[in-house]
Amino acid sequence: MTLFPEMCERVLDESIIGRSREAELVEINCINIRDFSTDKHRRVDDTTYGGGTGMIMQCQPIFDCFTALTEKIGKRPHLIYMSPQGKTLSQSRVKELAKLDNIAILCGHYEGIDERVIEELVDEEISIGDYVLTGGELPALVLADSITRMLPGVLASDEAFEQESHYNSLLEYPQYTRPYEWHEKKVPDVLLTGHHANITKWRREQSIMRTLERRPEMLENAELDKKDKEFLKKLKSSE
């Protein structure tokens, strides 16, 4: 639900998400809130009560847009409002949202939207970080991308995302491709051995090391087995 559907469509038609839409693995519709304005100029905003700079999106166009969407689907979708006041998006929340059948994403603009429509319609507010953008379209695209790639059949295999950064509260291990040596830097020898167990062990340890160095707070929620914990203990003791 946006004031800029063409902007969103251009992004969603590309790459993996675009191919997933073509293959009907996911259905994503970009709905123009202006289409539901009762104003002859298709106006959807007005000045804020109490004074202040900027304009506020009105309740009526958003409410009617959501009502029409609900009628089209046949049941009420889970409505997310992209807002800097929401909870910061995490991979664990993405996994939960990917299990839902229908999600509606509301993109705010100007100085935000009338609080009453948030109170009446919105199920949750989500932020993609502690900063402010000109509108909710980019955050909504981030959310749509992160959820879509979790759906069955979108990626080549579950392994494609299960080993990525944040999936299990660990950062991803370093990765390399040809050539073997570049600017006097060589690919770690263990990756050339073909010994899968050793490669898996090296990658796991690298993930733990990188997480400890760069995002140590993530380790509190990481899925670590006994060997992982022993390795982490050694790392901490050597600091």
Exercise: identify the closest heavy-atom pair between [X] and [Y]:
X: L89; Y: S146; result: CD2-OG, 4.2 Å
X: T148; Y: S20; result: CG2-CB, 4.4 Å
X: S37; Y: V44; result: CB-CG1, 4.1 Å
X: F66; Y: L121; result: CD2-CD2, 3.8 Å

Please report, to 0.1 Å, the donor-acceptor pairs under 3.5 Å made by any side chain of residues 9-18, with sequence neighbours excluded.
{"from": "E9", "atom 1": "OE1", "to": "R21", "atom 2": "NH1", "distance (Å)": "3.0"}
{"from": "E9", "atom 1": "OE1", "to": "R21", "atom 2": "NH2", "distance (Å)": "3.2"}
{"from": "D13", "atom 1": "OD1", "to": "R21", "atom 2": "NH1", "distance (Å)": "3.2"}

Please check if [X] and [Y] belong to a single hydrophobic cluster, counting links between Ile, Leu, Val, Met, Phe, Trp and Tyr side chain heavy atoms closer than 4.5 Å.
X: Y176; Y: Y173; value: no
X: M1; Y: I56; value: no
X: I118; Y: V132; value: no
X: I128; Y: V94; value: yes
X: W182; Y: L191; value: no

key: F231 vs L224, side-chain contact (heavy atoms from CB on, under 4.5 Å): CA-CA, chis, key distance, verdict   = CA-CA 10 Å; F231 179 69; L224 303 177; over 6 Å; no
Within a strict 4.5 Å, meaning less than it, do heavy atoms of the [X] and [Y] side chains meet?
X: T2; Y: M7; value: no
X: P139; Y: V142; value: no
X: C30; Y: F4; value: no
X: R93; Y: E124; value: yes
X: L219; Y: L232; value: yes

Looking at [atom1] of [X] and [atom2] of [Y], how far apart are the two atoms once the value is rounded to the nearest 0.5 Å?
X: M82; Y: L143; atom1: CE; atom2: CG; answer: 5.0 Å
X: L106; Y: I80; atom1: CG; atom2: CD1; answer: 10.5 Å
X: M55; Y: T48; atom1: CE; atom2: OG1; answer: 10.0 Å
X: S92; Y: N168; atom1: OG; atom2: CG; answer: 11.0 Å
X: L97; Y: I103; atom1: CG; atom2: CD1; answer: 5.0 Å
X: F36; Y: R42; atom1: CZ; atom2: CZ; answer: 10.5 Å

message = Taking side chain to side chain donor-acceptor pair (under 3.5 Å) as the cut-off, I'd like each qualifying pair that reaches into residues 100-121, sequence neighbours left out, listed once.
response = R34-Y110, D114-R116
request  = Please collect all side chain to side chain donor-acceptor pair (under 3.5 Å) contacts where either partner lies in residues 225-239, sequence neighbours excluded, each pair once.
outcome  = R204-D228
message = As a quick check of understanding, evaluate side-chain contact (heavy atoms from CB on, under 4.5 Å) for V122 and V117, giving each step before the final call.
response = CA-CA 7 Å; V122 172; V117 81; 5.8 Å; no
Take atom [atom1] in [X]; do more than 12 heavy atoms of anything else shown fall under 6.0 Å from it?
X: E220; atom1: CD; answer: no
X: Q175; atom1: CD; answer: yes
X: E181; atom1: CD; answer: yes
X: Y49; atom1: OH; answer: no

With a 3.5 Å distance limit and no angle check, can you tell me whether [X] reaches the backbone of [Y] through a side-chain donor-acceptor pair?
X: T88; Y: G129; value: no
X: N29; Y: I31; value: no
X: S207; Y: L171; value: yes

query = Could you walk me through whether R43 and D46 pass the salt bridge (Lys or Arg N to Asp or Glu O under 4.0 Å) check?
reply = CA-CA 8 Å; R43 185 175 178 176; D46 210 331; 3.5 Å; yes
ask   = Are R203 and E205 close enough for a salt bridge, meaning some N to O gap below 4.0 Å?
value = no
request  = Please step through side-chain contact (heavy atoms from CB on, under 4.5 Å) for the pair L151 and L25, ending with a clear verdict.
outcome  = CA-CA 8 Å; L151 301 178; L25 296 173; over 6 Å; no
key: Audit row: L141, C8, side-chain contact (heavy atoms from CB on, under 4.5 Å) steps and yes/no   = CA-CA 7 Å; L141 291 168; C8 297; 4.1 Å; yes
